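In what follows, a single structure is set out as structure tokens and then discussed.
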Amino acid sequence: MGKSLVVLGMVVSLTCVPQSAFAWGTVGHRLIMRRAIDLLPPAIKPFFEQFREEVVMRVIDPDQWRNIGWPDDPNHFVDFGVPEYGKYPFDALPREHGAAVEKFGEATLRRNGLLPWRQAEMFGNLRRAFEGFTRHSPYVVSDVVAVLGSRVPLHPGCAPAVPRHQ
């Protein structure tokens, strides 16, 4: 009886240890991007179909930037749980980056995440790139992915409403 309880305890303990589901890796990103292109409105779908393989291949670029050691992590989240930003709708947090830096300082913003301002920057890059788009325009695909990826609430490392401080 005692040995059975020990074995049962070990089995229960092992099943309770958190494991990575590997649910949002390269394959998941590419699957979602392929499906997203399939679901685009008819007016813009032909453009993305023309560059489908490039868009699908580049969908993980922003995550790769973090993985190769670039100091890009603050661009992937914002911690709305810090007291400095106030309660929803976060009136104490300036919407303009320069005003936010002036109020909180660059170090505080980097610690709490730069996602809203990075998204605005990438959206501007994307808009300008599409205005003068040619086949060889740099970074267009990466900018699309960065802007869209910031909207994924359960994307690892950038769940925007989840406090990252302890």
Side-chain angles (χ1 to χ4, degrees), residues 1-40 45 48-49 51-93 95 97 100-101 103-123 126 139-166:
M1 178 75 170
K3 188 174 184 179
S4 297
L5 285 176
V6 170
V7 171
L8 179 63
M10 289 175 57
V11 169
V12 169
S13 296
L14 288 175
T15 59
C16 292
V17 174
Q19 298 291 321
S20 176
F22 300 106
W24 197 260
T26 300
V27 174
H29 276 86
R30 291 183 175 158
L31 174 76
I32 296 297
M33 183 55 75
R34 282 188 189 98
R35 185 68 178 131
I37 292 171
D38 292 341
L39 298 174
L40 285 171
K45 188 174 181 178
F48 284 90
E49 282 290 349
F51 300 103
R52 181 184 193 93
E53 290 310 309
E54 182 76 11
V55 171
V56 169
M57 181 180 72
R58 299 260 177 227
V59 73
I60 61 165
D61 281 1
D63 290 327
Q64 296 299 333
W65 300 337
R66 288 191 316 179
N67 295 339
I68 63 172
W70 291 1
D72 202 51
D73 191 49
N75 293 327
H76 288 256
F77 74 94
V78 64
D79 184 352
F80 286 125
V82 296
E84 299 101 304
Y85 295 167
K87 300 231 180 268
Y88 179 83
F90 314 107
D91 293 327
L93 179 62
R95 295 336 190 226
H97 182 255
V101 169
K103 182 172 183 177
F104 295 111
E106 188 66 35
T108 298
L109 292 181
R110 290 189 67 75
R111 183 179 64 249
N112 296 334
L114 300 169
L115 180 64
W117 303 287
R118 177 63 169 179
Q119 184 178 7
E121 175 189 357
M122 296 303 274
F123 180 78
L126 180 61
Y139 310 117
V140 172
V141 172
S142 297
D143 290 351
V144 169
V145 170
V147 169
L148 296 178
S150 69
R151 296 294 191 177
V152 179
L154 298 178
H155 192 273
C158 67
V162 177
R164 291 175 61 112
H165 67 284
Q166 297 301 326

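This one's a predicted model, so the numbers in the text were calculated from it and none came from an experiment. The analysis underlying the following values was restricted to heavy atoms, covering all of them including side chains, and did not include hydrogens, waters or symmetry mates.
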Let me check something: any side-chain donor-acceptor pairs from residues 103-110 under 3.5 Å, sequence neighbours excluded? List them with distances.
unit_1, atom_1, unit_2, atom_2, d
Lys103, NZ, Ala92, O, 2.7
Thr108, OG1, Phe104, O, 3.2
Arg110, NH2, Pro71, O, 3.3

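- Under the 4.5 Å side-chain criterion, counting only non-hydrogen atoms from C-beta, Val55 is not in contact with Arg30.
- In this structure, Phe77 CZ and Leu114 CG are separated by 7.5 Å, a value rounded to the nearest 0.5 Å.
- The CG atom of Asn75 lies 8.5 Å from the CE atom of Met122; values are rounded to the nearest 0.5 Å.
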Practice item. List the steps and the verdict of side-chain contact (heavy atoms from CB on, under 4.5 Å) for Leu39 and Arg34. Key: CA-CA 9 Å; Leu39 298 174; Arg34 282 188 189 98; over 6 Å; no
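- Taking CE of Met33 as the start and CZ of Arg52 as the end, the distance is 10.0 Å to the nearest 0.5 Å.
- Of all the heavy atoms in Ile37 and Lys45, the pair that sits closest is O-CE, 3.6 Å.
- The shortest heavy-atom contact between Leu93 and Phe80 is CD2-CE2, 4.1 Å.
- The CG atom of Leu40 sits 11.0 Å away from the CZ atom of Arg35 when rounded to the nearest 0.5 Å.
- Residues Arg111 and Glu84 share a closest heavy-atom pair of NH2-OE2, 3.8 Å.
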